[in-house]
Amino acid sequence: MNFSSGRVGQIPPYLFAEINKKKAEMINSGIDIIDLGIGDPDLPTPKHIVKKLMEETQDPGNLKYPSFVGCVEFKQAVADFYFREYGVHLDPDTEVLALIGSKEGIAHIVPTLIDPGDYVLIPDPSYPVYRMATLLANGQYHNMPLKKENNYQPDFDEIPKEVLECSKLMFLNYPGNPTAATVDLPFFKESIQFAQKHNIPIAHDSAYNMVTFDAYKAPSILQVEGAKEIAVEFGSLSKTYSMTGFRIGYVAGNREIIKALSILKSNTDTGQFTPIQKAAAYALNSDQSCVTQYNQVYKKRMTALLEGLKSIGVEVEPPKGSFFIWAPVPKGYTSAEFVTSVLEQTGVIITPGNAFGPSGEGYFRVSLSVPTERLYEAVNRIKQKLKSVVG
Ligand SMILES: *Cc1c(COP(=O)(O)O)cnc(C)c1O
(Lines give C-alpha, C1' and ligand atoms only; values in the text may rest on other atoms or scores of the structure.)
Protein backbone atom coordinates (compact mmCIF):
# COMPACT_ATOMS: atom_id res chain seq x y z
CA MET A 1 0.00 0.00 0.00
CA ASN A 2 1.29 3.45 -0.85
CA PHE A 3 -0.26 6.28 1.14
CA SER A 4 2.03 9.11 0.08
CA SER A 5 1.02 11.88 -2.31
CA GLY A 6 2.80 12.36 -5.61
CA ARG A 7 4.55 15.35 -4.08
CA VAL A 8 6.01 13.34 -1.22
CA GLY A 9 6.58 10.26 -3.38
CA GLN A 10 9.01 12.13 -5.64
CA ILE A 11 11.29 13.15 -2.74
CA PRO A 12 14.48 11.08 -2.59
CA PRO A 13 15.51 9.85 0.88
CA TYR A 14 16.95 12.63 3.07
CA LEU A 15 20.66 12.66 2.33
CA PHE A 16 21.76 12.32 5.93
CA ALA A 17 19.22 9.60 6.65
CA GLU A 18 21.02 7.38 4.09
CA ILE A 19 24.43 8.20 5.48
CA ASN A 20 23.26 7.61 9.06
CA LYS A 21 21.96 4.18 8.12
CA LYS A 22 25.29 3.17 6.60
CA LYS A 23 27.10 4.58 9.62
CA ALA A 24 24.93 2.55 12.04
CA GLU A 25 25.62 -0.63 10.07
CA MET A 26 29.38 -0.08 10.22
CA ILE A 27 29.34 0.80 13.92
CA ASN A 28 27.35 -2.39 14.58
CA SER A 29 30.05 -4.42 12.90
CA GLY A 30 32.62 -2.93 15.30
CA ILE A 31 34.27 -0.30 13.11
CA ASP A 32 35.44 2.94 14.77
CA ILE A 33 33.71 5.52 12.60
CA ILE A 34 34.63 9.21 12.51
CA ASP A 35 31.74 11.12 10.99
CA LEU A 36 32.87 14.19 9.06
CA GLY A 37 29.64 14.03 7.10
CA ILE A 38 27.09 15.99 9.07
CA GLY A 39 27.09 19.68 9.96
CA ASP A 40 25.97 19.65 13.59
CA PRO A 41 28.39 21.52 15.89
CA ASP A 42 30.02 19.33 18.55
CA LEU A 43 30.92 22.37 20.65
CA PRO A 44 28.46 22.90 23.52
CA THR A 45 25.93 25.72 23.63
CA PRO A 46 27.63 28.40 25.77
CA LYS A 47 26.55 28.04 29.42
CA HIS A 48 25.10 31.54 29.82
CA ILE A 49 22.56 30.78 27.07
CA VAL A 50 21.47 27.45 28.60
CA LYS A 51 21.18 29.12 32.02
CA LYS A 52 18.93 31.83 30.57
CA LEU A 53 16.71 29.16 28.98
CA MET A 54 16.29 27.41 32.35
CA GLU A 55 15.44 30.69 34.09
CA GLU A 56 12.84 31.60 31.50
CA THR A 57 11.09 28.23 31.84
CA GLN A 58 10.34 29.14 35.49
CA ASP A 59 7.96 31.94 34.46
CA PRO A 60 4.46 30.47 33.96
CA GLY A 61 3.65 33.26 31.48
CA ASN A 62 6.35 31.87 29.18
CA LEU A 63 4.72 28.43 29.04
CA LYS A 64 1.58 29.50 27.19
CA TYR A 65 1.06 29.70 23.43
CA PRO A 66 3.72 32.05 22.09
CA SER A 67 2.88 34.99 19.84
CA PHE A 68 2.52 33.90 16.19
CA VAL A 69 5.13 36.32 14.93
CA GLY A 70 7.75 35.84 17.61
CA CYS A 71 8.32 37.49 20.96
CA VAL A 72 9.24 41.16 21.07
CA GLU A 73 12.56 40.55 22.84
CA PHE A 74 13.79 38.18 20.13
CA LYS A 75 12.74 40.35 17.18
CA GLN A 76 14.27 43.42 18.81
CA ALA A 77 17.50 41.47 19.42
CA VAL A 78 17.64 40.54 15.71
CA ALA A 79 17.07 44.18 14.71
CA ASP A 80 19.81 45.30 17.14
CA PHE A 81 22.13 42.63 15.74
CA TYR A 82 21.62 43.96 12.20
CA PHE A 83 22.33 47.51 13.24
CA ARG A 84 25.38 46.56 15.27
CA GLU A 85 26.92 44.20 12.68
CA TYR A 86 25.88 45.79 9.38
CA GLY A 87 24.50 49.25 10.09
CA VAL A 88 21.13 48.02 8.71
CA HIS A 89 17.93 49.40 10.25
CA LEU A 90 15.07 46.91 10.62
CA ASP A 91 11.63 47.46 12.06
CA PRO A 92 11.29 44.52 14.48
CA ASP A 93 7.49 44.46 14.04
CA THR A 94 7.28 44.24 10.27
CA GLU A 95 10.73 43.38 8.99
CA VAL A 96 11.67 40.49 11.30
CA LEU A 97 9.91 37.16 11.84
CA ALA A 98 10.95 34.41 14.26
CA LEU A 99 11.31 30.92 12.82
CA ILE A 100 11.42 27.42 14.30
CA GLY A 101 14.95 27.10 12.94
CA SER A 102 15.76 28.72 9.62
CA LYS A 103 15.11 25.43 7.79
CA GLU A 104 11.43 25.80 8.65
CA GLY A 105 11.28 29.26 7.11
CA ILE A 106 13.30 28.24 4.05
CA ALA A 107 10.87 25.38 3.42
CA HIS A 108 7.80 27.57 3.97
CA ILE A 109 8.89 30.55 1.90
CA VAL A 110 8.65 28.46 -1.25
CA PRO A 111 4.86 27.83 -1.16
CA THR A 112 4.49 31.40 0.16
CA LEU A 113 5.90 32.83 -3.07
CA ILE A 114 5.35 30.31 -5.86
CA ASP A 115 2.40 28.63 -7.54
CA PRO A 116 2.55 25.14 -9.05
CA GLY A 117 4.74 25.17 -12.16
CA ASP A 118 6.68 28.30 -11.24
CA TYR A 119 10.46 28.21 -11.17
CA VAL A 120 12.82 28.65 -8.23
CA LEU A 121 16.45 29.52 -9.03
CA ILE A 122 18.73 27.37 -6.92
CA PRO A 123 22.52 27.36 -6.49
CA ASP A 124 24.06 24.04 -7.50
CA PRO A 125 25.53 22.56 -5.32
CA SER A 126 23.50 23.71 -2.30
CA TYR A 127 21.59 22.84 0.86
CA PRO A 128 19.04 20.21 -0.29
CA VAL A 129 16.05 21.89 1.39
CA TYR A 130 15.81 24.59 -1.35
CA ARG A 131 15.24 21.91 -3.98
CA MET A 132 12.98 19.64 -1.93
CA ALA A 133 10.74 22.48 -0.75
CA THR A 134 10.30 23.45 -4.41
CA LEU A 135 9.26 19.90 -5.34
CA LEU A 136 6.84 19.77 -2.39
CA ALA A 137 5.25 22.99 -3.63
CA ASN A 138 4.81 21.46 -7.11
CA GLY A 139 7.31 23.98 -8.44
CA GLN A 140 10.25 23.46 -10.75
CA TYR A 141 13.82 24.31 -9.89
CA HIS A 142 16.51 25.65 -12.14
CA ASN A 143 20.04 24.80 -11.06
CA MET A 144 22.50 27.69 -11.24
CA PRO A 145 25.92 25.97 -11.44
CA LEU A 146 28.50 27.28 -8.94
CA LYS A 147 31.90 26.87 -10.53
CA LYS A 148 35.26 27.18 -8.89
CA GLU A 149 36.51 29.46 -11.68
CA ASN A 150 33.64 31.88 -10.85
CA ASN A 151 34.44 31.72 -7.13
CA TYR A 152 31.31 29.60 -6.69
CA GLN A 153 29.05 32.48 -7.73
CA PRO A 154 26.19 31.84 -10.16
CA ASP A 155 26.39 33.30 -13.66
CA PHE A 156 23.02 35.06 -13.97
CA ASP A 157 23.51 35.53 -17.74
CA GLU A 158 23.31 31.78 -18.23
CA ILE A 159 19.74 31.47 -16.95
CA PRO A 160 17.44 30.83 -19.96
CA LYS A 161 14.91 33.57 -20.73
CA GLU A 162 11.93 31.16 -20.51
CA VAL A 163 13.04 30.17 -17.01
CA LEU A 164 13.50 33.77 -15.89
CA GLU A 165 10.01 34.66 -17.02
CA CYS A 166 8.47 32.02 -14.74
CA SER A 167 10.85 32.45 -11.79
CA LYS A 168 9.31 33.61 -8.52
CA LEU A 169 12.22 33.14 -6.14
CA MET A 170 16.02 32.84 -6.06
CA PHE A 171 18.03 31.30 -3.25
CA LEU A 172 21.60 32.36 -2.44
CA ASN A 173 23.82 31.17 0.43
CA TYR A 174 27.15 32.70 1.57
CA PRO A 175 29.26 31.65 3.43
CA GLY A 176 28.11 28.61 1.50
CA ASN A 177 27.17 25.10 2.41
CA PRO A 178 28.68 22.90 0.95
CA THR A 179 31.20 25.08 -0.95
CA ALA A 180 32.45 27.20 2.01
CA ALA A 181 32.57 30.02 -0.56
CA THR A 182 32.32 33.60 0.62
CA VAL A 183 31.44 36.81 -1.21
CA ASP A 184 31.90 40.53 -0.73
CA LEU A 185 29.25 43.21 -0.98
CA PRO A 186 29.65 43.89 -4.76
CA PHE A 187 28.32 40.40 -5.53
CA PHE A 188 25.19 41.11 -3.47
CA LYS A 189 24.80 44.46 -5.28
CA GLU A 190 24.90 42.68 -8.61
CA SER A 191 22.39 40.08 -7.36
CA ILE A 192 19.95 42.75 -6.17
CA GLN A 193 20.21 44.60 -9.48
CA PHE A 194 19.47 41.39 -11.34
CA ALA A 195 16.54 40.59 -9.03
CA GLN A 196 15.06 44.04 -9.49
CA LYS A 197 15.45 43.94 -13.26
CA HIS A 198 13.54 40.64 -13.49
CA ASN A 199 11.31 41.13 -10.47
CA ILE A 200 12.47 37.93 -8.75
CA PRO A 201 12.65 37.99 -4.94
CA ILE A 202 15.92 36.80 -3.38
CA ALA A 203 16.09 34.68 -0.24
CA HIS A 204 19.63 34.81 1.10
CA ASP A 205 20.46 32.02 3.55
CA SER A 206 23.05 33.39 5.98
CA ALA A 207 23.25 30.39 8.33
CA TYR A 208 27.06 30.81 8.57
CA ASN A 209 27.11 34.61 8.72
CA MET A 210 29.15 34.69 11.93
CA VAL A 211 31.25 31.56 11.33
CA THR A 212 34.16 33.37 9.69
CA PHE A 213 37.93 33.40 10.05
CA ASP A 214 40.73 35.90 10.50
CA ALA A 215 39.91 39.34 9.15
CA TYR A 216 37.02 38.29 6.90
CA LYS A 217 33.58 39.59 7.79
CA ALA A 218 30.62 38.20 5.82
CA PRO A 219 28.36 40.96 4.47
CA SER A 220 24.55 40.92 4.75
CA ILE A 221 22.58 41.21 1.52
CA LEU A 222 20.41 43.76 3.35
CA GLN A 223 23.38 46.16 3.34
CA VAL A 224 22.75 46.77 -0.36
CA GLU A 225 20.72 49.90 -0.98
CA GLY A 226 17.20 48.94 -2.03
CA ALA A 227 17.66 45.30 -0.94
CA LYS A 228 14.62 45.48 1.30
CA GLU A 229 12.45 46.09 -1.78
CA ILE A 230 13.16 42.61 -3.16
CA ALA A 231 15.10 40.48 -0.66
CA VAL A 232 14.89 38.68 2.63
CA GLU A 233 17.71 37.13 4.61
CA PHE A 234 17.40 33.96 6.66
CA GLY A 235 19.52 33.71 9.78
CA SER A 236 20.03 31.11 12.41
CA LEU A 237 21.39 30.79 15.93
CA SER A 238 22.22 27.13 15.22
CA LYS A 239 25.74 27.37 13.88
CA THR A 240 26.95 30.61 15.49
CA TYR A 241 26.14 29.54 19.06
CA SER A 242 25.98 25.74 18.67
CA MET A 243 22.22 25.88 19.23
CA THR A 244 21.02 23.42 16.58
CA GLY A 245 18.70 21.61 18.99
CA PHE A 246 16.99 24.81 20.14
CA ARG A 247 15.36 25.30 16.72
CA ILE A 248 15.50 29.07 16.50
CA GLY A 249 16.15 31.31 13.52
CA TYR A 250 14.68 34.34 11.81
CA VAL A 251 13.95 35.97 8.49
CA ALA A 252 14.55 39.69 7.98
CA GLY A 253 13.99 42.17 5.18
CA ASN A 254 11.10 42.78 2.76
CA ARG A 255 7.92 43.36 4.73
CA GLU A 256 5.46 42.06 2.11
CA ILE A 257 7.31 38.76 1.87
CA ILE A 258 7.51 38.53 5.65
CA LYS A 259 3.81 39.28 5.97
CA ALA A 260 2.92 36.60 3.40
CA LEU A 261 5.16 34.06 5.13
CA SER A 262 3.62 34.87 8.49
CA ILE A 263 0.13 34.19 7.06
CA LEU A 264 1.25 30.75 5.94
CA LYS A 265 3.00 30.10 9.25
CA SER A 266 0.17 31.29 11.48
CA ASN A 267 -1.97 28.60 9.85
CA THR A 268 0.70 25.94 10.24
CA ASP A 269 2.58 26.39 13.51
CA THR A 270 2.16 28.57 16.54
CA GLY A 271 5.69 29.85 16.94
CA GLN A 272 8.69 28.71 18.96
CA PHE A 273 8.57 28.11 22.74
CA THR A 274 8.96 31.54 24.37
CA PRO A 275 11.87 30.58 26.71
CA ILE A 276 13.84 29.48 23.65
CA GLN A 277 13.18 32.80 21.94
CA LYS A 278 14.22 34.70 25.06
CA ALA A 279 17.39 32.63 25.44
CA ALA A 280 18.15 33.32 21.76
CA ALA A 281 17.63 37.07 22.30
CA TYR A 282 20.05 36.83 25.21
CA ALA A 283 22.60 35.01 23.01
CA LEU A 284 22.45 37.83 20.44
CA ASN A 285 22.62 40.58 23.07
CA SER A 286 25.36 39.29 25.35
CA ASP A 287 29.15 39.08 25.12
CA GLN A 288 30.14 37.54 21.77
CA SER A 289 33.52 36.18 22.85
CA CYS A 290 32.13 32.61 22.68
CA VAL A 291 31.68 33.11 18.94
CA THR A 292 35.28 34.24 18.42
CA GLN A 293 36.48 31.35 20.53
CA TYR A 294 34.46 28.73 18.59
CA ASN A 295 35.62 30.15 15.26
CA GLN A 296 39.23 29.76 16.42
CA VAL A 297 38.53 26.10 17.16
CA TYR A 298 37.12 25.58 13.64
CA LYS A 299 40.05 27.40 12.11
CA LYS A 300 42.55 25.18 13.92
CA ARG A 301 40.72 22.04 12.78
CA MET A 302 40.54 23.38 9.25
CA THR A 303 44.28 23.94 9.12
CA ALA A 304 44.91 20.35 10.31
CA LEU A 305 42.49 18.89 7.80
CA LEU A 306 43.83 20.91 4.88
CA GLU A 307 47.30 19.65 5.72
CA GLY A 308 46.01 16.04 5.80
CA LEU A 309 44.38 16.46 2.41
CA LYS A 310 47.52 18.04 1.00
CA SER A 311 49.47 14.95 2.00
CA ILE A 312 47.30 12.89 -0.38
CA GLY A 313 47.60 15.48 -3.14
CA VAL A 314 44.28 17.30 -2.59
CA GLU A 315 44.89 21.03 -2.37
CA VAL A 316 42.28 23.67 -1.51
CA GLU A 317 42.55 27.26 -0.46
CA PRO A 318 41.65 27.82 3.20
CA PRO A 319 37.97 28.87 3.38
CA LYS A 320 37.11 32.23 4.97
CA GLY A 321 33.82 31.01 6.40
CA SER A 322 31.55 28.06 7.35
CA PHE A 323 32.84 24.88 9.00
CA PHE A 324 33.18 22.93 5.77
CA ILE A 325 35.95 22.07 3.36
CA TRP A 326 34.91 21.56 -0.26
CA ALA A 327 37.54 19.78 -2.29
CA PRO A 328 37.98 18.03 -5.63
CA VAL A 329 38.26 14.23 -5.55
CA PRO A 330 41.60 12.79 -6.70
CA LYS A 331 41.95 11.97 -10.41
CA GLY A 332 40.22 8.83 -11.60
CA TYR A 333 37.45 8.88 -8.97
CA THR A 334 33.80 9.87 -9.01
CA SER A 335 32.51 11.51 -5.83
CA ALA A 336 30.73 8.31 -4.79
CA GLU A 337 33.78 6.12 -5.49
CA PHE A 338 36.10 8.35 -3.50
CA VAL A 339 33.77 8.65 -0.51
CA THR A 340 33.26 4.88 -0.43
CA SER A 341 36.98 4.29 -0.69
CA VAL A 342 37.73 6.72 2.16
CA LEU A 343 35.08 5.04 4.33
CA GLU A 344 36.38 1.55 3.63
CA GLN A 345 40.06 2.42 4.07
CA THR A 346 39.82 4.76 7.07
CA GLY A 347 36.37 4.55 8.69
CA VAL A 348 35.98 8.29 8.03
CA ILE A 349 32.66 9.51 6.65
CA ILE A 350 32.71 12.40 4.19
CA THR A 351 29.90 13.57 1.92
CA PRO A 352 29.92 13.07 -1.85
CA GLY A 353 29.57 16.42 -3.63
CA ASN A 354 26.82 15.28 -5.98
CA ALA A 355 24.51 14.86 -2.95
CA PHE A 356 24.17 18.67 -3.09
CA GLY A 357 23.31 18.84 -6.80
CA PRO A 358 24.74 17.69 -10.14
CA SER A 359 27.48 20.34 -10.21
CA GLY A 360 28.86 18.85 -7.00
CA GLU A 361 30.06 15.78 -8.91
CA GLY A 362 33.83 15.52 -8.70
CA TYR A 363 33.92 17.08 -5.23
CA PHE A 364 33.53 16.02 -1.62
CA ARG A 365 32.59 17.90 1.55
CA VAL A 366 34.26 17.55 4.92
CA SER A 367 32.61 18.94 8.03
CA LEU A 368 34.77 20.20 10.87
CA SER A 369 32.10 19.76 13.55
CA VAL A 370 33.64 16.84 15.43
CA PRO A 371 35.86 17.03 18.55
CA THR A 372 39.39 18.17 17.68
CA GLU A 373 41.09 14.90 18.83
CA ARG A 374 38.78 12.91 16.58
CA LEU A 375 39.52 15.23 13.71
CA TYR A 376 43.26 14.75 14.26
CA GLU A 377 42.70 11.00 14.32
CA ALA A 378 40.85 11.28 10.98
CA VAL A 379 43.74 13.31 9.55
CA ASN A 380 46.23 10.63 10.71
CA ARG A 381 44.20 7.87 9.12
CA ILE A 382 43.98 9.84 5.88
CA LYS A 383 47.74 10.44 5.88
CA GLN A 384 48.63 6.83 6.68
CA LYS A 385 46.02 4.82 4.85
CA LEU A 386 44.98 6.85 1.86
CA LYS A 387 48.31 7.56 0.24
CA SER A 388 48.39 4.08 -1.27
CA VAL A 389 44.85 4.51 -2.59
CA VAL A 390 45.32 7.81 -4.37
CA GLY A 391 49.07 7.72 -4.93
C1 LIG B 1 22.28 24.30 8.99
C2 LIG B 1 21.76 25.06 7.83
C3 LIG B 1 20.48 25.64 7.87
C4 LIG B 1 19.45 25.35 8.92
O5 LIG B 1 19.68 25.82 10.14
P6 LIG B 1 18.57 25.80 11.25
O7 LIG B 1 18.39 27.20 11.65
O8 LIG B 1 19.13 24.92 12.33
O9 LIG B 1 17.30 25.21 10.69
C10 LIG B 1 20.11 26.43 6.80
N11 LIG B 1 20.90 26.62 5.76
C12 LIG B 1 22.11 26.04 5.67
C13 LIG B 1 22.93 26.28 4.46
C14 LIG B 1 22.58 25.24 6.71
O15 LIG B 1 23.76 24.64 6.59
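Below, all heavy atoms of this structure are taken into account, side chains as well, without hydrogens, waters or symmetry copies. In each ligand, atom 1 is the first atom listed, and ligand 1 is the first ligand listed. In this text, all values refer to a predicted model and were calculated from it rather than measured experimentally.
For residues 103-123, no pair satisfies ring pair (Phe, Tyr, Trp, His ring centres under 6.0 Å), with sequence neighbours left out. Pairs engaging residues 291-315 under the ring pair (Phe, Tyr, Trp, His ring centres under 6.0 Å) rule: Y298-F323 [sequence neighbours left out].
Cation-pi geometry between K320 and F213 is not met: the NZ or CZ atom fails to fall both under 6.0 Å from the ring centre and inside 45° of the normal.
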Check: What's the verdict on side chain to side chain contact (heavy atoms under 4.5 Å, CB included) for L97 and Y250, showing C-alpha distance, side-chain angles and the deciding distance?
Finding: CA-CA 6 Å; L97 180 66; Y250 57 84; over 6 Å; no

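Using a heavy-atom distance under 4.0 Å as the criterion, the protein contacts of ligand 1 are G101, S102, K103, I106, Y127, N173, N177, D205, A207, Y208, S236, S238, K239, R247.
Looking only at atom types and distance, the side chain of D205 has no donor-acceptor partner in the side chain of Y174 under 3.5 Å away.
Under the ring pair (Phe, Tyr, Trp, His ring centres under 6.0 Å) criterion, Y363 pairs with W326, sequence neighbours left out.
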